Each structure stands twice: as structure tokens, then as C-alpha cells.
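Only one structure is covered here, and it is reproduced in the block below.
Remember, predicted model here, so these are calculated numbers, not experimental data.
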Amino acid sequence: MPSYTVTVATGSQWFAGTDDYIYLSLVGSAGCSEKHLLDKPFYNDFERGAVDSYDVTVDEELGEIQLVKIEKRKYWLHDDWYLKYITLKTPYGDYIEFPCYRWITGEGEIVLRDGRAKLACDDQIHILKQHRRKELETRQKQYRWMEWNPGFPLSIDAKCHKDLPRDIQFDSEKGVDFVLNYSRAMENLFINRFMHMFQSSWSDFADFEKIFVKISNTISERVMNHWQEDLMFGYQFLNGCNPVLIRRCTKLPKKLPVTTEMVECSLERQLTLQQEVEQGNIFIVDFELLDGIDANKTDPCTLQFLAAPICLLYKNLANKIVPIAIQLNQIPGDENPIFLPSDAKYDWLLAKIWVRSSDFHVHQTITHLLRTHLVSEVFGIALYRQLPAVHPIFKLLVAHVRFTIAINTKAREQLICEYGLFDKANATGGGGHVQMVQRAMQDLTYTSLCFPEAIKARGMDSAEDIPNYFYRDDGLLVWEAIKTFTAEVVGIYYESDQVVAEDQELQDFVNDVYVYGMRGKKTSGFPKSIKTREKLSEYLTVVIFTASAQHAAVNFGQYDWCSWIPNAPPTMRAPPPTAKGVVTIEQIVDTLPDRGRSCWHLGAVWALSQFQENELFLGMYPEEHFIEKPVKEAMARFRKNLDTIVSVIAERNKKKKLPYYYLSPDRIPNSVAI
């Protein structure tokens, strides 16, 4: 009688093992085996991290093995089991791999295909077509779209983390509990004694060091020492944690009536302001999005305020970007003066603080939340709904949506919900952040997620003209590495553009993103379908880059740049000044966040800047969904390209007082998971 050797690998994460009964059936082209109990006498099977082998003898020849069926039945108490993979050694000495990387819950069962990636057109056998269809039908019942707030990209239909399908939950929910993590952060920073001191102002700038000095690094300390300087202020628009707003000014806006006479002491080329604009030396950051957004009113004891500044910047003869004019609201007038470097010290400083606070709000809610977290969740839900596990695009992308839906669900449960943690310290809490996302959806376009196009659209693409823009330089290197990799994978499985156009599962995935994620808006520019291999490669690059590099660039620098509170105030407790010559140091300190809000802010940016335990970085694919040699070789070349980028960035940073490392591939997690 034919005998097979079955090797079963159990996951190594917490609680991955099981004591339940595990049964296996083999489905072949010539027949189906009986159920076999996988059990060794006097042995604890399926322990966490174990790889167990069993001999399975069948009554008759099964032919080519097409499916493996695993069933789990209760032994004592129900416990979930994480199955990594099964390998099968046939009676003829062949090895067949069956990747799984999924949880089997309750008295559940799972049917696996071998690990070769297949498009729908490759499946000619009825049982394989049926398996493909049933998997998607089941997933579409589990992964349902839901509108969390009007105008938002749709999200997963789950009220809390435990409602999610087990396969996309965190291994340990406690590790991503925001309340626990923020509180623990404040303990680690030795600032928890201040956390309840709302309405209590700091005495001066130096007083902020009481919550800063216990944990520091080279960048955050440098920010603390140089935050008042115009050079540091300008540098952050290029390489801080929100380097996506600055654009070259091609025409001075009428709403900012600045003249050459106002700024001539800042202009170094003996040109008029208009001539500087024409030569490409003037840049602008406009926070128009914040105009009219409701400030946080959740604490009746503390009034909180927002502004919508316009900041004009100048590239000086040293090729450094410095601010030359700031207007704190959108409509010019006598009570909305244009602040200048030539003004009194504290007038100019407070104007810059208002810009930094506005930048913080746009960073947190738009750059970070909307344009990485929520967009990546859309890709993740569409992936699970429309692509079966055997599809090559599913195998490619699944690592890049790992824990994304879970972290966003947890955020909606604890962080950005009504009365959530976001309300504690942020002036856009209490609903302002929701209004911001609703507005920003108008500008969320497919092109704006294509990194080279986004840089070019802002006029920031010339490395010669705008040096030291490391976010751009490193981002382009990573984008090209990802695009080269995706193009190779696409080339392996799609022999022509026609195969791409005729892949209905792929088209359904792309359409799901457009219809539900982008709410069917034509102006978003998101494709409804993809017809060519080149466009497919670009689309996959957008998915991977957004989830990995873009998120890393705007997330992991938060402690570096935002831990010194005056450099990134999460709220302001007095309205913007309406006249010059009246600002005092005492007024500035009373405008900045109180002790309690400062502590919650610091705990948040510290917690958000930490990597996950057992983080997987770009190019790491420990789950072997692909088994084919050509793809594994493409992955190896991808990792080699990334290693080269790591070396280039490390060499450059050796010479920098302010190193830029957020886009070094060895610091870019594969997915949005924090």
C-alpha cells in the first residue's frame, strides 16, 4: 500500500500549539484517502515551534496530490492552532509543499493547495476551480466593508480587535493596547507624575526638560538645542517627520500679500521677491486644510485653538531652506499680520511655533493616518476579499498588509474614536481630525501615492537645485528597488499584457480598492482596472511602498522631532496673535500645552516610534508563500539591492550631524503595524 511522509510545522508565536486532535486527508487525481489521525504515542504533538513528521499509509493509489485537508477536533478545551506549512513526500520520492500560515480555530478545517502560484486561467481541473471559488466566498463573508465615518475610505466591519478574523489579529492584543502602551511609555520616561496635571503651565522653555531629559538621542537633543533657529525650522520641512508638504512656489498667492520690502533683509541675491520666485528660490507650505476645522472642546476647563498658516521659505546662497514670512490665517487683514524674521524675537518665534503645531496636526491626521494607515487597510481588505491564497499577487502582498487591519481596528477602538486617547492632548481631537480626513480625501489621488510623481508635482525633484532633501533621495532609491522587484514577479506569472487584462481576480481586487476604498471617485485617479504588466508593476509598487517606506518615513521619526514639545505642540491654549510687538515669553509658555497634555503627547510619540517585537523589515519574507525558484531568486536580488541602499545611506550619514535614516531599508518595516 502506498505510504506518504507528512511533515507538519507549527508556528512559533505565543499559543500557536494545540492539544486538539488533528486529522489529515489527501485528495488526488485518482481518489481521496481516509481521514488519518496524526498522532505519535507518548509524544506531545503540535507544540509551539515544532516540526513533526508522520507516516500515512493509504489503501490505493491516489494519483497526483491536488489538495490536503486538515481537520481539528476538540480534545479537552478548544485552543487555536497556527499551521505554518505541510510537506508531503510521495511514494515516488517527490516532495510537495503546502504553505498555510493561518490559524485553525475551534473545530475547524482547512483545505490547502500546493505552493505553486497559479492564476485562475492556469486551473483547468474542476476541484481546483471549486476550491478557489469557495475560498473567496468564505473570505468575502469574513472581510466586509464598513463606513466608520462619512467620507472616509471604507474600513473593516469590526467594532473591536477580537471581532476580526483570527488570521489578521495580533498574536497578543496586549502588545498593541494603546492605553497600556501610552501609560507604560510615560512610566519609562519617568513623566507619569505629570500626566494628570492638566491646566498647569510650565514655567519657561527650560522647564520642558523635566519631561525630556530621561530619554534622549542625538536628533531629539539637537532639536531641543536648536529648535528656535530658522535653519532647523526650514530643515524639518525637508527631512523631519512630515517632509511631504513643502513645494516650490511658482506664483505668490494673493492671499499672502508679501512684498519685496518686507523680506528684503532675508533675500541674499539682490533680486526682487518676484525674481526670486522666477529663479525657483521660493518655497511655500500652506495649511489651508486646517481653515475652519473645529478645535477640541472635550475639556471645558481648557480652551484650545487652531490656525491655518501660510509659510514662505527661501533657499539662501548656502542652499539652506529658511522661513522668510508667516501669515497665521488664510484671509489677509490688519488682524492677520505677516510675521517676519526682522520682527521682535518673540513675535517671530511664536509665529514659527504656530506653523510647527499646524504641521503636527496635518502630519498626524493626513500624512500618517489617512495616507498610510487607512490607505493600506483598503489594499489589505481588497486583497483578502478578491485574491485567493494561490494567486501570485496575494502571495506577494500578504506580508505587506500584516497586522495593518488589526492596528487600525485597535486605533478606532481606543485612539481616534469619540472620547479616545487622541482627544486628551490634541487640538484636533473631539472631531476636528474627522473633518480633516473628510477634506483631505479630495486630494487623495493615485498619482500622489506614486512617489516620483508626488515629488515632481511639488517641484522638488531636482537634487542639484534642492540638495540635502534626503527623504526624496532615499525614497527614490527604495521606490526603484521595489519597482524592479515587482516587475520581475509580474514577468514571471504574466507572460503578456493580455494575461493581465484577462485576470478577473486581479481586476476585482483593483476595482474593490477603487469602489470601496476611494468611494468610486473618478477624481481620485485610482484605476478601475489594469491592462498592462507595466501598470500592474506600478500599482504593486504603490501598495508596497505606501505600507513600508512611506509609513516608515512619517512614523518612526516622531519621537526624534516631536518629543521637544515647543517644536511640535499638539495643542495651543491661546489664539494666534493679531498684532505685532505684544508677544512675551510668558505668553508663549502659557500658549503651549500644559503639563498633562505634554505628558500624554510625549508618551504617544515615544510609543508610536517603537518597532514591533519580532519586526519584519523590507525584503524579509520568512513566510514562504512562494515556492518557485525564479521568485526566490528575484527576492534574493531584491534583498541585495536593499542592502546596497543601506550601505549608501550609512556612508552618507557618517558625515552628517543630523543623520537621516528613516528610509534605510533595514529600518523600514514590511507593513503598517504600529
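- Side-chain atoms of Ser33 and Ser25 include no donor-acceptor pair closer than 3.5 Å.
- Atom NZ of Lys159 sits in a sparse spot, with 12 or fewer heavy atoms from other residues, nucleotides or ligands closer than 6.0 Å.
- Closest approach of Glu505 to His391, counting heavy atoms only: OE1-CD2, 3.2 Å.
- Only one option out of Lys118, Gln130, Arg113 pairs with Asp123 in a side chain to side chain donor-acceptor pair (under 3.5 Å); it is Arg113.
- One finds no salt bridge joining Glu624 and Lys84 here, because no Lys/Arg side-chain nitrogen approaches an Asp/Glu carboxylate oxygen to under 4.0 Å.
- Considering only residues two or more places apart in sequence or on other chains, Asp79 meets the salt bridge (charged side-chain N to carboxylate O under 4.0 Å, His left out) condition with none of them.
- Here the closest heavy-atom approach between residue Pro99 and residue Gly115 is recorded as CD-CA, 3.3 Å.
- Considering all non-hydrogen atoms of both residues, Asp157 and Trp145 come closest at CB-O, 4.1 Å.
- Between His36 and Tyr23, the ring center distance fails the sub-6.0 Å criterion.
- Ring pair His551/His368: centre-to-centre distance below 6.0 Å.
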Report the C-alpha distance between Ser671 and Thr404 in whole Å, list the side-chain angles of each, state the deciding distance to 0.1 Å, and finish with yes or no for side-chain hydrogen bond (donor to acceptor under 3.5 Å, both in side chains). CA-CA 7 Å; Ser671 63; Thr404 300; 4.6 Å; no
Would you check, one step at a time, whether the test ring-ring contact (aromatic ring centres under 6.0 Å, His included) holds for Tyr85 with His625? CA-CA 9 Å; Tyr85 61 82; His625 292 275; over 10 Å; no
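- For Asp167 and Arg102, the salt-bridge test passes: some basic side-chain N is under 4.0 Å from an acidic carboxylate O.
- Taking each heavy atom of Pro388 and Gln386 in turn, the nearest pair found is CD-O, 3.9 Å.
- A salt bridge does not link Lys72 to Glu109: none of the charged nitrogens lies less than 4.0 Å from a carboxylate oxygen.
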Test log, rule ring-ring contact (aromatic ring centres under 6.0 Å, His included), inputs Phe556 and Phe611: CA-CA 8 Å; Phe556 293 103; Phe611 293 122; 4.6 Å; yes
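- Checked by atom type, the side-chain pair Glu538/Tyr446 shows a donor-acceptor distance below 3.5 Å.
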Could you please spell out the steps behind the side-chain hydrogen bond (donor to acceptor under 3.5 Å, both in side chains) verdict for Tyr493 and Glu628? CA-CA 11 Å; Tyr493 293 103; Glu628 296 96 322; 3.1 Å; yes
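- The CG atom of Asp114 sits 10.0 Å away from the CG atom of Leu112 when rounded to the nearest 0.5 Å.
- Under a cutoff of 6.0 Å and an axis angle of 45°, Arg412 and Phe422 do not form a cation-pi pair.
- Trp81 and Thr10 form a side-chain donor-acceptor contact under 3.5 Å, judged by distance and modelled atom types alone.
- Counting all heavy atoms, side chain and backbone alike, Asn670 lies closest to Ser548 at O-CB, 3.7 Å.
- Within a 6.0 Å radius of OH in Tyr514, other residues, nucleotides and ligands contribute more than 12 heavy atoms.
- Counting heavy atoms of neighbouring residues, nucleotides and ligands inside a 6.0 Å radius, atom CD of Glu34 does not exceed 12 of them.
- Here Asp512 pairs with Arg385 in a salt bridge; the nearest charged N to carboxylate O distance falls below 4.0 Å.
- Classification of Glu135 and Arg139 as a salt-bridged pair holds, one side-chain N sitting under 4.0 Å from a carboxylate O.
- Atom OH of Tyr662 sits about 8.0 Å away from atom OG of Ser609, to the nearest 0.5 Å.
- Defined by atom type and a distance below 3.5 Å, a donor-acceptor pair is present between the side-chain atoms of His400 and Tyr621.
- By the 4.0 Å N-to-carboxylate-O rule, Glu147 lies close enough to Arg519 to be salt-bridged with it.
- Looking at Glu480, its side chain never comes within 3.5 Å of a backbone N or O of Leu477 through a donor-acceptor pair.
- Within 6.0 Å of atom NZ in Lys640, 12 or fewer heavy atoms from other residues, nucleotides or ligands are found, so the atom counts as exposed in its surroundings.
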